[in-house]
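Each remark here refers to the structure printed beneath this line.
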Amino acid sequence: MATLKHNAPTAVVLGLGQNGLATVRALGRQGIPVIGIDRDLKQYTARTQYCKKVMCPDFKKGDGLIRTLIDLGKQLPEKAVLFPSGDHSLHLVSERREELRDYYHFTFPSKQVVRLSLDKQRFYSFANKYGFPIAQTFFPKTEDDCKHVSKEIRYPCIIKPIQPNLGWRKCFPDNKLYEVSNAEAFIRTLQRIRAHHNDLVVQERIPGGDHRLSFSLTYFDAESRPLCMFTGRKLRQYPPQFGTSSMAESGWDPRISEMTIDILSAMKYSGYGSVEFMWDQRDQEFKIIEVSARTWFPHGVSSACGLNIEYMAYCDQVGFAKPVDNGFRQPVKWIHEERDLRSSIEYIKSGNLKIIEWVSSYKGTRTYAVSAWDDPGPALFLGLQLVKVPLRRVFRKAHFMWPGGQKLVSS
């Protein structure tokens, strides 16, 4: 473990899931004191040695997290640097930044830019205004809108919430989105969804596999100048096609870099950011999927390649000498051990991945989302979790078959 730097301000990471773990490690390995806040400190990703932990039982509720941050800020000797790792925490601290400004530096952009990045309808309108390429997209509100969109949209298309809320997650816990292949299925699916959630986006599905998805990771200073740039691409997702990265790979792409700078400059962006694109073979063009104003799921690959963007953001906020951007190692593969196993099984079962291709995909230089020699806790507890889940199922089955030690036999 790195020796803590003398008089270095604390970094505070909101959320200790995968995004938060990568952020904690990127900063902790540089000797920065880090505090992680979450409501679940028993999750395997929270078992890192690179931060102190603060439990916030109502982490998902605005007042609770804000009170925790203010109380913590009052105890720290100087302003800390705030790193949100999820959309919920990003939106909350951005909207209530006036209450936090005396205690924290912010690694995310202005309130208006955060709103733009989180609101799909506003962002796609912005992209259209500036001529940035996006997939064909509609935001139906009324019954007439739905009928019109059913005739105009190119199929197959996907239907998803503009911003999934608790109602969506309760009614559709297993679905981030729905894919439909014709107008009849479109109307039927939309009627079912709109009974529970009406703020929807309908978008054509760009054909192609997960490997057509590329991304950038960057940090813009207060004058909207990029201090560093990282590009890479996804190799697999979980769930396949519509999930988050389970395997990604570094790789410099000047087209992605140039488009990222153009998009974020037009937004008057500052702070940490990522942009996701998908290559559309039909018109030989990258289409924008989304802009994120907080750390992105596979962002640990950038620091593993020698470009520590979180540390760059930290140094810029506190006035430390910034690390020199000398590019990054490539190709390096980033792998989320558990999710990529699940993803690979689904690809193999569907016939889209052969066993020999799966084995070959792990060749080359690799870094892992969970496993790390210098920080073994998360991998250890992930292993225990994977063992406990099937054991619980076995014991539940045994309890049903042999209640009180007697085998259940039907008469």
Side-chain angles (χ1 to χ4, degrees), residues 1-5 8-62 64-94 96-97 100 103-108 271-272 292-300 302-304 308-315 317-318 336 368-372 374-382 385:
M1 187 170 179
T3 303
L4 292 181
K5 292 188 175 181
T10 300
V12 176
V13 177
L14 303 182
L16 288 173
Q18 161 53 34
N19 286 7
L21 172 62
T23 304
V24 165
R25 284 173 168 172
L27 297 168
R29 286 168 176 157
Q30 297 297 318
I32 305 302
V34 183
I35 295 175
I37 301 177
D38 206 311
R39 62 178 177 176
D40 181 9
L41 301 184
K42 293 184 178 180
Q43 59 183 311
Y44 65 87
T45 45
R47 305 295 185 141
T48 175
Q49 65 170 333
Y50 277 111
C51 73
K52 296 181 180 179
K53 293 123 188 173
V54 172
M55 179 179 286
C56 179
D58 46 359
F59 183 80
K60 294 288 186 180
K61 298 177 183 178
L65 179 56
I66 295 299
R67 280 197 304 270
T68 297
L69 284 170
I70 291 175
D71 290 344
L72 177 61
K74 289 178 178 178
Q75 297 173 38
L76 295 173
E78 55 188 313
K79 289 176 72 168
V81 184
L82 203 56
F83 288 87
S85 66
D87 287 344
H88 173 81
S89 58
L90 169 65
H91 177 261
L92 176 62
V93 297
S94 174
R96 299 181 65 172
R97 65 180 68 201
L100 303 172
Y103 310 106
Y104 297 96
H105 301 283
F106 305 130
T107 57
F108 43 89
Y272 189 101
S292 296
R294 41 79 180 167
T295 51
W296 205 57
F297 200 73
H299 72 97
S302 60
S303 55
N308 193 329
I309 304 175
E310 296 79 15
Y311 184 56
M312 176 74 77
Y314 174 92
C315 290
Q317 291 294 323
V318 302
H336 191 291
Y368 293 94
V370 181
S371 304
D374 63 335
D375 192 25
L380 174 62
F381 279 90
L382 172 60
Q385 177 178 301

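If you read the sequence from its start, that first residue is 1, and numbering goes on from there.
For the pair V34 and F83, the minimum side-chain heavy-atom distance is 4.5 Å or more. Within the 4.5 Å cutoff, the side chain of L82 has no heavy atoms near those of the T107 side chain. Between Y103 and L76, every side-chain heavy-atom pair lies at or beyond the 4.5 Å cut-off. A 4.5 Å side-chain heavy-atom check between I32 and V81 finds every atom pair outside the cut-off.
Looking at residues two or more places apart in sequence or on another chain, you find no salt bridge (charged side-chain N to carboxylate O under 4.0 Å, His left out) involving D40. Scored by the side chain to side chain donor-acceptor pair (under 3.5 Å) test, N308 finds no partners at all (sequence neighbours excluded). With sequence neighbours excluded, no residue forms a side chain to side chain donor-acceptor pair (under 3.5 Å) with S303.
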Would I37 and L69 satisfy side-chain contact (heavy atoms from CB on, under 4.5 Å), going step by step from the backbone distance to the final call? CA-CA 9 Å; I37 301 177; L69 284 170; 3.7 Å; yes
Run the side-chain contact (heavy atoms from CB on, under 4.5 Å) check on V93 and F106 step by step: do they pass? CA-CA 9 Å; V93 297; F106 305 130; 5.8 Å; no
Given L382 and R47, is the side-chain contact (heavy atoms from CB on, under 4.5 Å) satisfied, shown in steps? CA-CA 10 Å; L382 172 60; R47 305 295 185 141; over 6 Å; no
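Taking each heavy atom of A80 and V12 in turn, the nearest pair found is CB-CG2, 3.9 Å. The two residues S302 and H299 have their closest heavy-atom pair at OG-O, 2.8 Å. Here the shortest heavy-atom pairing between R25 and Y50 reads CG-CD1, 4.1 Å. When all heavy atoms of L16 and C51 are compared, the closest pair comes out as CD2-SG, 4.3 Å. Pairing each heavy atom of A26 with each of E310, the nearest pair is CB-OE1, 3.5 Å. Summarising the geometry of A379 relative to S371, their closest heavy-atom pair is CB-OG, 3.6 Å, with the distance given to 0.1 Å.
In this structure, T48 OG1 and D375 CG are separated by 3.5 Å, a value rounded to the nearest 0.5 Å. The distance from atom CZ of R67 to atom CG of D58, rounded to the nearest 0.5 Å, is 6.0 Å. Between atom OH of residue Y104 and atom CZ of residue R97 there is a gap of 15.0 Å, rounded to the nearest 0.5 Å.
Remark: the backbone N or O of L41 is not paired with any side-chain donor or acceptor of K53 at under 3.5 angstrom.
Here salt bridge (charged side-chain N to carboxylate O under 4.0 Å, His left out) pairs that include residues 80-93, with residues two or more places apart or in two chains, are D87-R294. Among residues at least two apart or in separate chains, side-chain hydrogen bond (donor to acceptor under 3.5 Å, both in side chains) pairs with a member in residues 26-39 are R29-D374, D38-Q43. Sorted by first and then second residue, the side-chain hydrogen bond (donor to acceptor under 3.5 Å, both in side chains) pairs involving residues 13-22 (not counting sequence neighbours) form an empty list.
Taking the six-membered ring where the residue is Trp, H336 and F297 present parallel rings, their angle staying beneath 30° rather than reaching 60°.
The side-chain contact (heavy atoms from CB on, under 4.5 Å) with F59 is formed by just one residue from the set L65, L92, T68; it is L65.
The 12-atom threshold is not exceeded at NE2 of H91, counting heavy atoms of other residues, nucleotides or ligands nearer than 6.0 Å.
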